[in-house]
Amino acid sequence: DAKTTQPTSMDCAEGRAANLPCNHSTISGNEYVYWYRQIHSQGPQYIIHGLKNNETNEMASLIITEDRKSSTLILPHATLRDTAVYYCIVRFYSGGGADGLTFGKGTHLIIQP
Amino acid sequence: DGGITQSPKYLFRKEGQNVTLSCEQNLNHDAMYWYRQDPGQGLRLIYYSQIVNDFQKGDIAEGYSVSREKKESFPLTVTSAQKNPTAFYLCASSIGAHRRGSGNTIYFGEGSWLTVV
């Protein structure tokens with residue numbers, strides 16, 4: 001399984017862009033990068049995912065390097081409600097053909113007022 | 001509203017008892033999953049199911065059991081064999097078992113807290 005490395009915590013000022021890095025140097029050519037976030041005691045919330053190209057949706061942008069060994073999640077205008085743990089995940093596949101998501105400890109993003 | 005419903009939100013278990021956590025989804029998803037989360041830790045996969053009447057062990061299946069008799073339901077039983085069951089349990093689902101690189105998204109329920117007393 002491709003593993004990911006994220007900083008344990010980050011701070012960002014409210015209204016500024018929050019840039020969350022992730023390293024996934026062992027990613028395979030057809031494995032996707034997913035981002036989720038989790039607010040304490042709630043289920044993880046899907047944010048965005050991508051394979052090779054940069055992606056954007058109403059929540060965030062995902063920038064994937066050309067060699068696919070790292071990516072950055074960008075929250076363009078952070079608000080206090082964006083304070084959460086952010087998980088960068090690469091899909092894994094079992095030998096039986098099913099799949100799931102392997103979660104690490106993520107990055108605790110704290111938005112400062 | 002479509003979504004994943006877990007119940008109960010909070011559950012207390014006495015030592016030696018089995019308890020069952022419910023997970024229902026009305027998203028018409030084929031695949032369902034159970035994860036366990038300990039304080040300050042990431043999620044670990046317990047069991048997953050690709051289709052009705054089929055399920056596979058995840059990374060930490062010992063002391064747990066599941067069933068998948070209906071597409072929309074995937075209950076998890078925490079048995080007395082699970083020595084440290086106090087944790088936050090998350091159920092999830094996705095459209096279907098997919099080929100490598102298909103990119104299907106997994107959606108989560110709101111979780112159930114299990115405490116051993």
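Residue numbers start from 1 in every chain, and the chains themselves are labelled A, B, ... in the order their sequence lines are given, proteins ahead of strands. Since this is a predicted model, take the numbers as computed values, not measurements.
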message: Under a 3.5 Å distance rule, please check whether A/Asn23 uses its side chain to pair with a backbone N or O of A/Thr4 as donor and acceptor.
response: no

field: Candidate list B/His29, B/Glu72, B/Lys71, B/Glu24, test side-chain hydrogen bond (donor to acceptor under 3.5 Å, both in side chains), partner B/Ser93, passing option
entry: B/His29

- prompt: Is A/Arg37 reaching over with its side chain to a backbone N or O of A/Thr83, donor-acceptor style, under 3.5 angstrom?
  reply: no

- prompt: So which part of A/Gln45 gets closer than 4.5 Å to some heavy atom of chain B, the side chain, the backbone, both or neither?
  reply: neither

- prompt: Does any N or O in the side chain of B/Thr79 come within less than 3.5 Å of the main-chain N or O of B/Ala81, such that one atom is a donor and the other an acceptor?
  reply: yes

message: So for B/Gln6, is it side chain, backbone, both, or neither that comes closer than 4.5 Å to the heavy atoms of chain A?
response: neither

task: Could you tell me which portion of B/Leu90 (side chain, backbone, both or neither) has an atom closer than 4.5 angstrom to a non-hydrogen atom of chain A?
output: side chain

